[in-house]
Amino acid sequence: MADSVEPIAPFELRQVMDEIVSAVRDGDDALLGSLLERFAGLADARAVFMLRLRLHQDLEK
């Protein structure tokens, strides 16, 4: 049986990660919650680690 969920495209993944980083920076909890829900439904373990790295890099700025 084929998986009914299409994998997220790299561009879409980067876009969602950019939006998550911005929402964290802005302190927008409501938006962050919905973005993380979307991300969790689409991302694999590698994407989670990529997001973690992006968030840490943003904090260092």
Side-chain angles (χ1 to χ4, degrees):
M1 183 173 168
D3 192 353
S4 62
V5 177
E6 294 180 17
I8 189 167
F11 175 78
E12 291 175 283
L13 180 58
R14 285 191 305 269
Q15 184 178 11
V16 171
M17 287 194 300
D18 288 345
E19 292 174 16
I20 289 170
V21 171
S22 292
V24 168
R25 188 181 314 121
D26 296 341
D28 190 340
D29 293 340
L31 177 59
L32 180 58
S34 65
L35 289 169
L36 287 173
E37 198 171 302
R38 179 176 168 209
F39 182 79
L42 299 169
D44 60 6
R46 182 173 177 236
V48 173
F49 284 111
M50 288 172 51
L51 176 60
R52 180 180 180 269
L53 178 62
R54 289 279 316 277
L55 289 168
H56 279 277
Q57 288 173 340
D58 192 70
L59 287 173
E60 292 176 355
K61 289 183 182 180

Q.
Does E37 have more than 12 heavy atoms from other residues, nucleotides or ligands lying within 6.0 Å of its CD?
A. no

The reported gap from CD in E19 to CG in D26 (rounded to nearest 0.5 angstrom) is 11.5 Å

Contacts under 3.5 angstrom, residues 41-52 side chains, donor-acceptor by atom type, not counting sequence neighbours:
{"unit_1": "D44", "atom_1": "OD1", "unit_2": "R46", "atom_2": "N", "d": "3.3"}
{"unit_1": "D44", "atom_1": "OD1", "unit_2": "A47", "atom_2": "N", "d": "2.9"}

Smallest heavy-atom separation, L31 atom then D28 atom, equals N-OD1, 3.1 Å

Interatomic distance, CZ@R14 vs CZ@R54, rounded to 0.5 Å, equals 10.0 Å

Problem set entry | Hydrophobic cluster identity match, M17 and L53, side-chain contacts under 4.5 Å | no

Of all heavy-atom pairs linking L35 and V16, the shortest is O-CG1, 4.2 Å

